[in-house]
Amino acid sequence: VQEFIKKIVITGGTHGNELTGVYLVQNWSKQPQKYHRDSFKCQLLLANRKAIVAGRRYIDEDLNRCFSMAKLQSKKALTHEHKLAYEINDRLGGKGTQDAPDVIFDLHNTTSNMGVSLIFGQVTPYVKSLLHQLQSHSPLVRLYYMPEQQSNSSYLPTISPRDICVEIGPQPHGMLVSSLYFLAQDILTCALDFTEHYNSNTSQSTLPDGAAQLSVYRHVTNIDYPRNDRNEITAMIHPQLQGADYTGITADTPIFIDFLGNSIAFAQVAPTLAQTGKEYYPVFIGEQAYLEKGIAFSLTEACVL
Ligand SMILES: [Zn+2]
C-alpha cells in the first residue's frame, strides 16, 4: 500500500536552549523555498517560545514529555509546558486523528557525540525508505529505534503517526556549532526531497527499498550514575567512554571513574546485561540535560529492521 505524505511539520525549540532547531526554523520561515515542495504541505513551528527567550530547556517541566494521550486528555494543566502541549496538539490537528501531520521532524541538540541521530518509534514502508535514504546520504546519520505505542509516547513528534526526532551533537546547550547547523539543514532538505520523490513515484521502483533491511540501534535501557545514600553521584563518565557514543561495550569495558580515579567496569554497573555476553552501544553519554533525569547514558543494541 502506497503511503501518500500530505503534510509535514518541522519543529524547533521544543527545548528552548537547543539552538540548531531554533535558528533553522527562524531562518527557514523567511525563505519558503527552503521547505516548500509541490506534493505536500510543510509547516514550521517554534515550539516553546517562552523557554527560547529565557534560554532554558523548559520553564516548568520538559515539554517533550507532555504528549502522551493520557497527559493530553488530563483535565487540569498546571504548568506552562502542559498548557503549551494542549495548544500545540490542537494547532497541529490532534494526536491520533486524521488531521494530524503525516510526519513530524522535531529538531534537538545533544551535548553527546551522536552525529545526526534519527530517533523514531513507528516503522512504516515510507519511514524505512526515508531512513534508508538518509543513512546513505551521510555517514554521520545513526538510526535509533525506540519502539513504543504511539498513544503512550510523550514525545512531541508522536502527535504524528510517523515521528522522527532529529538529535544533533555534540553541541553545548545554549550555543550554535555552525557545522552542525549546516548538517541539520542538509539532512532536512534531503528528507523533503526524498518525500517529494516518494509521493510522485507510484511504482516506487526507483526508491530505496522499504522492505530492505535497515541497520538500527534499538533502545534497551537507561543507566544512572553510581550514587551514595544522599543521592549524590559518586563517579563520572570514564575518559575512554567520553565521546564514544555508538561504540560497542562489553563486560570489561570501563564505564565510570570515581573521584579517586578508580575505574568501574560495565559488569559492575549492569551485571545482568553484562552476563549476556552481548555487545551494547551506549548513546547520550553524559548528556547534560539528563543528569536531572538520573541518566548517565542510554544503552542500545544493534539490530536489523
Ligand atoms: Zn532536546
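Residue numbers run from 1 in the order of the sequence given. Whatever order the structure lists them in is the order used to number ligands and atoms, beginning at 1. Scope of the values below: all heavy atoms of this structure, side chains included, with no hydrogens, waters or symmetry mates.
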Hits for ring-ring contact (aromatic ring centres under 6.0 Å, His included) against His82, two or more places apart or cross-chain, chain-then-number order -> Tyr86
If you measure only the distance, is there a donor-acceptor pair under 3.5 Å linking the side chains of Asp60 and Thr79?
no
Straight-line distance of Asp62 CG to Lys293 NZ, nearest 0.5 Å:
3.5 Å
Rounded to the nearest 0.5 Å, what separation is found between the OG atom of Ser117 and the CG atom of Leu140?
9.5 Å
Which residues and atoms, protein N, O or S only, are under 2.8 Å from the Zn ion (ligand 1)?
His15 ND1, Glu18 OE1, Glu18 OE2, His108 ND1
For residues 298-305, tabulate all N or O donor-acceptor pairs below 3.5 Å that involve a side-chain atom, not counting sequence neighbours.
unit_1	atom_1	unit_2	atom_2	d
Ser298	OG	Asn222	OD1	2.7
Thr300	OG1	Tyr281	O	2.8
Glu301	OE1	Lys278	NZ	2.8
Glu301	OE2	Arg218	NH2	3.3

Please list every donor-acceptor pair under 3.5 Å in which a side-chain atom of residues 41-50 meets a protein atom from a residue at least two apart or in another chain.
unit_1	atom_1	unit_2	atom_2	d
Asn48	OD1	Ala51	N	3.3
Asn48	OD1	His80	NE2	3.0
Asn48	ND2	Glu81	OE2	3.0

